[in-house]
Enquirer: 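Can you read through this structure? Questions will come right after.
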Amino acid sequence: MIIDLRTILHSPQDFKFTFESDWWENEEADDQIQGLDGPLKVKLRISRSGRKYILEGHLFGWFRLRGARCL
């Protein structure tokens, strides 16, 4: 996802994205996060404050994790 910040001038802009479970790519086979278990939904609001940007948002989704501690 690439957002062109030059388009955010005076008023905040809202963005919604959905990433399907095949979007996640593991770097190594033994990574702690194994992938997504369903879609990952993202809601962002980006506003400008002088030369800086403020990001507010939420992520909702499920990750498949490798168990790190077995009894």
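One is the number of the first residue; the rest follow in order along the sequence.
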Enquirer: Any salt bridge (charged side-chain N to carboxylate O under 4.0 Å, His left out) pairs touching residues 13-22, not counting sequence neighbours?
Expert: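 Residue pairs with at least one partner in residues 13-22: D14-R45.
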Enquirer: Taking atom NZ of K52 and atom OG of S47, what is their separation to the nearest 0.5 Å?
Expert: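 Those atoms lie 13.0 Å apart.
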Enquirer: Is I46 close to L5 at the side-chain level, that is, under 4.5 Å between some pair of heavy atoms?
Expert: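 Yes - at least one pair of side-chain heavy atoms lies under 4.5 Å apart.
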Enquirer: Would you say L44 and E56 make side-chain contact, with heavy atoms under 4.5 Å?
Expert: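 The answer is no, as the side chains (C-beta and beyond) never meet within the 4.5 Å cut-off.
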Enquirer: Considering all heavy atoms of both residues, which atom of T7 and which atom of Q13 are nearest to each other, and what is their separation?
Expert: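 Closest approach of T7 to Q13: O-NE2, 3.0 Å.
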Enquirer: Just how far is it from atom CG of L36 to atom CZ of F63, taken to the nearest 0.5 Å?
Expert: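 These two atoms lie 5.5 Å from each other.
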Enquirer: Hydrophobic side-chain clustering at under 4.5 Å (ILVMFWY, transitive links): who's grouped with W62? Put none if nobody.
Expert: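 So far as hydrophobic clustering goes, W62 is joined with F60.
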Enquirer: Quick one: CD on Q34 to CG on L65, what's the gap to the nearest 0.5 Å?
Expert: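 One finds 8.5 Å between CD of Q34 and CG of L65.
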Enquirer: So which heavy atom on T18 is nearest to which on P39, and how close?
Expert: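 The answer is CG2-CB, 3.8 Å.
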Enquirer: Please name all residues satisfying ring pair (Phe, Tyr, Trp, His ring centres under 6.0 Å) with F19, sequence neighbours left out, ordered by chain then number.
Expert: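 By the ring pair (Phe, Tyr, Trp, His ring centres under 6.0 Å) rule, F19 matches W23.
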Enquirer: Can you list everything that forms a ring pair (Phe, Tyr, Trp, His ring centres under 6.0 Å) with Y53? Sequence neighbours excluded, please.
Expert: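 So Y53 forms no ring pair (Phe, Tyr, Trp, His ring centres under 6.0 Å) with any residue.
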Enquirer: Kindly write out the residues that satisfy side-chain contact (heavy atoms from CB on, under 4.5 Å) with S11, not counting sequence neighbours, or none if the list is empty.
Expert: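 Result, side-chain contact (heavy atoms from CB on, under 4.5 Å) vs S11: none returned.
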Enquirer: If I compare all heavy atoms of S49 with all of I54, which pair ends up nearest, and what's the gap?
Expert: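 The answer is CB-CD1, 4.0 Å.
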Enquirer: Got a sec, which residues hit side chain to side chain donor-acceptor pair (under 3.5 Å) with R51, two or more places apart in sequence or on another chain?
Expert: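 Partners of R51 by the side chain to side chain donor-acceptor pair (under 3.5 Å) criterion come out as none, since no residue qualifies.
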Enquirer: Any side-chain heavy atom of R48 sitting closer than 4.5 Å to one from L9?
Expert: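 Result yes, sub-4.5 Å side-chain heavy-atom pair found.
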Enquirer: Just wondering, do F17 and I3 contact through their side chains at under 4.5 Å, heavy atoms?
Expert: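 They are in side-chain contact.
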